[in-house]
Structures are given as structure tokens and as C-alpha cells.
There are 2 protein chains.
Amino acid sequence: MQQTKEITIYDLAKALNISPATVSRGLKDHPAISHATKKRIQDMAREMGYRSNNFASNLRRQKTNTIGVMVHELNSSFITSVLSGIEKVTTAADYDIIIAHSSEDYKKEVANASNLFHKRVDGLITSLAYNTENLDHFEPFIQKGIPLIFFDRVEPQYPGAKVVIDNMKAGYDVTSHLIQQGCKRIVHIAGSLKRNVYADRLKGYRKALEKNKLAFDESMVIENDLSEVACVEAAKKILQMKPRPDAVFACNDFAAVVIMQALTEQGIRVPQDIAFAGFNNDTIARLSIPKLTTVNYPGIQMGEIAASHLMSHLNGESNIMQTSTVIIKSELIIRDSSLRKK
Amino acid sequence: MQQTKEITIYDLAKALNISPATVSRGLKDHPAISHATKKRIQDMAREMGYRSNNFASNLRRQKTNTIGVMVHELNSSFITSVLSGIEKVTTAADYDIIIAHSSEDYKKEVANASNLFHKRVDGLITSLAYNTENLDHFEPFIQKGIPLIFFDRVEPQYPGAKVVIDNMKAGYDVTSHLIQQGCKRIVHIAGSLKRNVYADRLKGYRKALEKNKLAFDESMVIENDLSEVACVEAAKKILQMKPRPDAVFACNDFAAVVIMQALTEQGIRVPQDIAFAGFNNDTIARLSIPKLTTVNYPGIQMGEIAASHLMSHLNGESNIMQTSTVIIKSELIIRDSSLRKK
DNA sequence: AAATTTAATGCAATCGGTTACATTGATCAA
DNA sequence: TTGATCAATGTAACCGATTGCATTAAATTT
């Protein structure tokens, strides 16, 4: 608790009998400072326990070297992959990141945006919350010309930079696969259809049905918030459907596993009675019994691409507003939950 | 991209023909400012799109109103619960939090600590990484009197504030439960025994064996990093043990489920042939088949307690260095994976 | 009416780095 | 020898909000 007084470059300057300017330069390897002086400065800094004051520096430089990352949740392996992709790139470019999560809540997303804005991040990477209604909270960033890049859950109308996968194609692929396995009555569990990712997967689902001359039945699509409670509810609904569906394509792995479990408890066999497919390739997809067919989401790559676009914009090497949407490849991973033919 | 010039309190002052000091006070509801003036200031601020400069403020106040939270991973529901507990308390106290995660890597933990130190957080809440060897990287905080509070994974030697559960008791309870279910050859999957949480659970395991007059067999304890690969490896080892074990008590749910799945694939029935218990009550414990017996970790409460201790220290209401260890209650959750008797 | 208290606002120094623009002394070319 | 060039360092003005200490005017007391 001895509350050592904070050492500043002025203290170092006095101790070394040189000017604060020289100290400042010496600490950051400025070319004009002689090697000998640099060493003296750095040694003294270490000895006296100096730590630079970021605020003073940021205040003067009008730059924070920090970027904000806003996500809807932390607890999916997709999101943590994206984060690690972002971190890899930003760390290399000597930027810090501040992670904010909205717990899928629009209001909290708004609060987080405002917070990051006041923390003066140099740029922002974002995936929208489940129930985000508009992009007004990003206006301040746009006004000040702070670069913005959306990934995964994006707003189709927004004209700026986005990094996504082709959700329609992925939805199409999953559904086609189920059809190939002999399924004809496929339930689709969708998240909020306001979100591009869910709306597009539904489109892909419909397209696959059409292509295979299967009728689209509105009552086979269940839109909910993908929570455990909602999925247990959905499972009940599925049990009551007549004739019974022979496949479930859920918009994420968690939902798929919850429903799969609820049905298994009722004595339904997977995949023989009902085949299952999820989305995201979360850890749980490998740990369920049977293992879950899903779509691999290249999270790390997504994070890397988003971050490196942002970095190159900040370096003036490119303009993010001219960057069109980047679409990353995803891939279907077939596992036991949908394999009815060998 | 119009890069509007940043508005400062000086601009507001000029526009309103008053002093910057009054503007500063008016913006933060200082009692000495008249109601009318306050309103004029706040209206003008809104109109001109003013945003306060945190750096200038922090620099002047020598305080950031930000606390750092360092965790080993983000992808467990235990950790996200702790975070939400912390957020609840800090938000109410008007503090921001910066979350840093080490991906279970000591080096990254060191880097994060240094980063947060330079960001000048007013306090730090931490759970150690898997392979953290010492607490040297916290020295700077201690030197400057920045309050520090550890939770969950703590260093027993550290004399300051800690929030933990009674891991020994929890380990004892789990093991006793398995024994009650008729298990006599119980494998224990431990994480790094350098970490208190794992070492203590092992102690509890041994104590329960002793109490029930079962011999402790070193070869029944497998210490690994709890990764998927290591657990698959462990499952193989278990298969080769003769006579075959009749229970597995793993130090987290993920490990338990991975091993359970690997054994199930070999035709072993759970819980009849081998009973299972995990730890943490992660989501996956409810989604596995059979559902997993585990120990509930009161994450939210842990976060709340850690944060509120920190807040009251920062408010000068108490001294964190005098706070002894806080032990929170955990509880055994019995599910199908260990129920051999009804 | 004079003295005192209270309310509202202003002045100016301060927080600690950064950097454009000197300054100094030394080295080199002519 | 003189002027030019260069390397190394110094000077001082920022960046924007905060706050102790005035100051002024209005309200209240004596």
C-alpha cells in the first residue's frame, strides 16, 4: 500500500539531466537519439519503475491504438474463434482490443457502442445482437469517420464493409444433404428472421425444397430465440406434428442438440426416425450422441479478414468504405446425426 | 468520412459565452451551477455533438473508473456467469470493465497484466491461467497499491483477497456420492495440480476414499490439461485398466463428456458399467446423454462478491488487503450419469 | 444602510507525453 | 578559413477536462 509516486518523463529527465523531449524520444526508439543516450534513458526508466501514461499520450496524439469489438455473446466457439483471429492481426499491428458483449440485447448493444465511442476506439468490429432494430447507435462513428466493419450478423442495407459467409448456400447445402438422405419432411428451426444469417438460411432451405420438388410448408418453420426453453417447446411441437417430420435443420448447434435430446428421451431414434443438422460447428456438435452434422464456420479466418481490412484502412492503405462485402467459404460437415445411408 | 472536428468544452463555452469551467461543471451536474445554465449547456452539447474526452479527464483526475478482469478463457458458462456478476456490480457503481483472456497461457496472462497496468485500471479481478507459474506479473499492481482480487483459480500463498469455493469439500462430496452409488474403483481426472482448484478436489477425493476405507491408488489419478486430445487419451487408458474402473470423476464437465462419449462408443454403458461425474455445471452437462452429475459453481455470485469487495475498497469503505478469503457455497447436482440406484 | 452569507460563475494551473521548430557543436567540402 | 551540412538535443506550445481559489452579484441579517 505504499502508493509509490508515479514516475514521469520529467522525473527521468531530471535524473539524467536531459530534456523531457529527449526522454520521450529515447523511450520510443526515435532515430535522432544517440544510441548511448537511449540506453541511459531506458535503463533509468527501468530502474525508477517508470510507466508511460497512455492518457497523456492518447490525448496528445489524438489516437488510441485501440479497436473495439462488439459481439452478441462470448460463449460460442465461433465467437471465440473470431476473437482470436482478430487478436492475432491487431496484436501484430500493435493495436489493443476492447471486447464488449451485448448478451444478445439491443439496449446493451447501444450502451456498449456509446461506451466504446467515448473510449475513442480507432475502429470498430461488430456482429449485431439478436434483436437489434436499427443502426442508429453507429451513427456517431460514421459521423466522425471512425471505420466500422460488420461480420456475420450484418444489416444488408448497410453500405459499408461486411464479412460474412454465404448463409443461403449453406442452408441450401444442409437441406439438400438431408433430402439426399431420404428426408422429405424437414423442420427448420430459425432464429430471428430480422437477422440476415437466419433469413438467408431459411431462403436456402426453401430453395433446396423447391429444387427437389418438395412443397414448402410454413408450419414446418419454427422461428424462436434459440434459447433452451424455446427449443424444448419446439421439440414438443415437433412431436405433435402429423405425420411426424423426418429431419430437423436447426440454425445453431445448441438448438439442434437440445431438441435432439428432448426427442431422444421420448424414444425417437436419431438419425433413423429423425435426422438432425445444426450450424456453427461448436464444440457441442462433436460431443453429442450421435455426433451432429453441422456447418463449419471459419471463425478465425473471419476475424483475421475483418481485422486486417480495418488495419489497412487505419494505415491509409485502403478505404474501408470502398470495400465491398467479403464472403468467406463455409463447409458442410457430415456426422452421424444425419447419416441414414452409409 | 467528413471527419467533423472534435467539439471540446471550449467550443461549448465560446458558443454560450461562458467559461469552460462552468461548462465542465454543468455537464456533470455540479451543484453550484444553476439549473438554467445546466440546461443551456446540455442542450448545446447535444446540438453540437460534443463528446467528452476520457483521456483528458482521466489524465487530470488520475483515475480511469475502469477495472480489469483477467480470465483464462471465455468459453465456459462459469466464466461468463462470473463476468455478468461483475458487470452487474460495476455498472451500478459507474465503472467500466475491460476483459482480457489468456487462452490458458501464462505468457499471454503476463502480457495482459502489463497491458491492463498501462491502461491504468483502478483495480483488477483475476483467475489464473492453467500454467501460471508465479505472481511476479502482479507485482507492479501491488507496488502501486492497485487493488487486486483473485477468484476461483488462486494462489494459496497470496495473502490478499480471494473468492473461491471449497474445492476440497466439493471433491469430497462428489466422490462420496459415487461411493454411495456402489462405485469402488473411481478414476479421477485432474487438471494441473499446481492450481489450487484441482489440487483441492484431489484432496477431497482422497479424503472420501479414506473415510470409506477404500485404498488410494495413484494410477487411478490422471493429471492432464483437460483438452479434448488428452481426454481421449485418458479414455483409452481407462479402457485398459484391469479390473475396469466403475466410475470417473473429472475436474470439469467437458472432460467428463469427452471421456463418457469415447467409452460409450466402445459399448460401455453409463452409469451401469461406469458412473460419471464432472464439475462446473456447464451447459454441456445438461445436454449430454445421459445428463451429467456435476457441481454447481455459483458464478454470478462469485463475480458479484469479487466486484463489490473491489468497489467498496475503491470507495474507501473497506480495505481489500484486510479482507480474508471468501468461500462461496457450491452444490452437488445429481443427474443420470451417476445414478445406479433409484 | 452596512455587514454578512449564499449562489453562481470565472481564472488559471495542472495532469504527462508529443512534436514542430529552434539551437548547438561537430564534421566536411571548397 | 568559411560556409554548409548533419547529428543530437532542447524549447515550448499543444491536447481537453478538472478544480482550488478567487470574484461578483444577489439575498439575508443586523
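Quick note on labels: first sequence line is chain A, next is B, and so on, each numbered from 1.
With respect to the salt-bridge test (charged N to carboxylate O, under 4.0 angstrom), the residues B/K144 and A/E6 qualify. A salt bridge between B/K14 and B/D11 is absent, with no side-chain N of the basic residue lying under 4.0 Å from a carboxylate O of the acidic one. Between A/R46 and A/D43 there is a salt bridge, since at least one side-chain N of the basic residue sits less than 4.0 Å from a carboxylate O of the acidic one.
One can place CD1 of B/I9 at 15 Å from P of C/dT9, the figure rounded to the nearest angstrom. Taking atom CG of A/L16 as the reference point, atom C1' of D/dA8 lies 15 Å away to the nearest angstrom. Atom CD1 of B/I7 is separated from atom C1' of D/dA17 by 15 Å (rounded to the nearest Å). Taking atom CG of B/L12 as the reference point, atom C1' of C/dG10 lies 17 Å away to the nearest angstrom.
Interatomic distance, CD1 of B/I300 versus CG of B/L83, reported as 10.5 Å (0.5 Å rounding).
The rotation axes computed at either terminus of the helix from C/dA1-D/dT30 to C/dA30-D/dT1 lie 50° apart, taking five pairs at each end and rounding to 10 degrees.
Side-chain polar atoms of B/T64 and B/D122 form a donor-acceptor pair below 3.5 angstrom.
Applying the salt bridge (Lys or Arg N to Asp or Glu O under 4.0 Å) test to every pair with at least one member in residues 127-137 of chain B, sequence neighbours left out, gives no pairs at all. Sorted by first and then second residue, the salt bridge (Lys or Arg N to Asp or Glu O under 4.0 Å) pairs with a member in residues 64-79 of chain A form an empty list; sequence neighbours excluded.
For residues 17-39 of chain B, proximity to DNA chain C is found at B/I18, B/S19, B/A21, B/T22, B/R25, B/A32, B/I33, B/S34, B/T37, defined as any non-hydrogen atom under 4.0 angstrom from a strand atom. For the contact set between residues 42-65 of chain B and DNA chain C, defined by any heavy atom under 4.0 Å, the members are B/L59, B/R60, B/Q62.
Nearest heavy atom pair, residue B/D152 against residue B/V164, reads O-CG1, 3.8 Å.
Annotation for A/D94: atom CG does not count as buried by contact number, only 12 or fewer foreign heavy atoms lying within 6.0 Å.
By the salt bridge (charged side-chain N to carboxylate O under 4.0 Å, His left out) test, A/K194 is found to be paired with no residue, residues two or more places apart in sequence or in another chain being considered.
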